[in-house]
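Quick notes on the structure that follows.
Every value quoted in this text rests on a predicted model; they were computed, and no experiment measured them. Atoms considered below: every heavy atom in the structure, side chains included; atoms not considered: hydrogens, waters and symmetry mates. Just follow the structure's listing: the first ligand is 1, and inside any ligand the first atom is 1.
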Amino acid sequence: MLRYWTAGESHGKTMLATVDGFPAGLEIDTELIDADLKRRQGGYGRGGRQRIETDRVELLTGIWKQTTLGSPITLQVVNRDYKLERLEDLQRPRPGHGDLTGAIKYLGSIRGVLERASARETSVRVAAGALAKQLLAQFNIHTIGYVVELGGVAVPPQDVPLAEQYALRDASEIYSLDPSRDAEIKKLIDETGKQGDTLGGIVEVRVEGLPFGLGTHAQWDLKLDGRLAQAVMAVQAIKGVEIGLGFEAARRPGSQVHDPIQFDASQQDTPTLGYARPTNNAGGLEAGMTNGQPLVVRAAKKPISTLRKPLESINLETKQAESAEYERSDVCAVSAASVIVESVVAFEVARALVDKFGNDSLQEMRARAELFNQLARER
Ligand code: EPS
């Protein structure tokens, strides 16, 4: 099984991810991982911390001559803003952060909770996702994440080939697929920041080139939609997840939801195996399995809970009313969330891929994927 854990505090020495069950024989390009780390640090509306950090990955274990060994891979992103030992505790919990709940649960400090709850941890989730993306690329599976709504302003995705989507997304400071809307949204972020407030939004991830049959209908905890929802909901500040039509499917009759099935023999050599679907309302998943169509996942991110104009709170010592703490933060990290959600989706898809084709070696995975493709076409 492919899985990972992370470790590290926001202002501690370092952030780590250990990826277990990654197949042997894949040559890793660390520059590609660094490119995703850089993208996560960017996007309009980020705060002062990102001017301190220049995230770069170091591969500490599991690699020999830049190639995976099949043993656990440790990814490290060092914190430049390491100062944890010097930091004091806080007394006035921020509504929406883990401060109050964590201090009560662990019978401890707010600092001890916020340092781990912080979205700094997502740096190494992105590193793990970038590793997974390199495995997926070997199977012509490609992912993209972008912003589709920010502060209530919708920026619909564009129905253009993936290469054009990458170009549009990379031309946008918001990481949307419509850079012409950047000025309007940047203005909104600036005005919100001036008011001491923060903004949330919605991000979408598409995965193209998926074969049939990743995930399973057979057991609840192996259904790929369930796995994806868990991984995406576990990203800091995510409050909702949709697949395909999502909540909109509940508002329409079945005839306007389910994607008709057609057969187009000229498409038999594509991941659809010729089973064409004129619509993709299912978002690439039926009964917890990929159906040859692109996977489409959306996530709703709440606004950052650290407000420069703080909300009502209390002092945990005195229990008297006081404004919540303010520590340096971002006005908006929705663009970063598009990178993070893309990364965790990529990891879950890679996990489902090794569940189907094995995780001993890339060579064996390739052979099994080819055999399955042949058998599925003969079905
Ligand atoms: C965060 C608070 C801020 C953010 C941080 C998440 O950190 P700091 O207190 O150091 O300014 O910048 O996000 C990151 C450090 C990052 O790399 O994304 C929080 O409290 O969640």
List every atom of ligand 1 that sits less than 4.0 Å from any heavy atom of His11, numbering the atoms from 1 in the order shown and giving each element. 8 (P), 9 (O), 10 (O)

Would you list the pairs meeting salt bridge (charged side-chain N to carboxylate O under 4.0 Å, His left out) in which at least one residue belongs to residues 306-322, sequence neighbours left out? Arg92-Glu322

I want to know if ligand 1 touches Ala119 in the polar sense, i.e. an N/O pair below 3.5 angstrom. yes

Atom 16 (C) of ligand 1 has as its nearest protein heavy atom Gln50 NE2, 3.1 Å

Would you call Gln236 a ligand 1 contact, heavy-atom distance under 4.0 Å? no

If you measure every N/O of Asp55 against every N/O of ligand 1, is any gap under 3.5 Å? no

Nearest non-hydrogen protein atom, atom 18 (O) of ligand 1: Arg40 NH1, 2.8 Å

Using a 4.0 Å cutoff against the non-hydrogen atoms of Ser118, which atoms of ligand 1 qualify? 1 (C), 5 (C), 6 (C), 19 (C), 21 (O)

For the residue pair Phe357 and Phe372, categorise the inter-ring angle as parallel (less than 30°), tilted (30 to 60°) or perpendicular (more than 60°). tilted

Nearest heavy-atom contact between Ser172 and Asp182 is OG-OD1, 2.9 Å

Show which atoms of ligand 1 fall inside a sub-4.0 Å distance from at least one heavy-atom site of His97. 19 (C), 20 (O), 21 (O)

Quick check: does Thr122 get an N/O under 3.5 Å from an N/O on ligand 1? no

Is ligand 1 under 4.0 Å from a heavy atom in the side chain of Asp330, in the backbone, in both, or in neither? side chain

Salt bridge (charged side-chain N to carboxylate O under 4.0 Å, His left out) involving Arg251 - partner list, sequence neighbours excluded: Glu248

Arg328 heavy atoms, cut-off 4.0 Å: which ligand 1 atoms fall inside? 3 (C), 8 (P), 9 (O), 10 (O), 11 (O)

So which bit of Gln41 gets within less than 4.0 Å of ligand 1, heavy atoms only: side chain, backbone, both or neither? neither

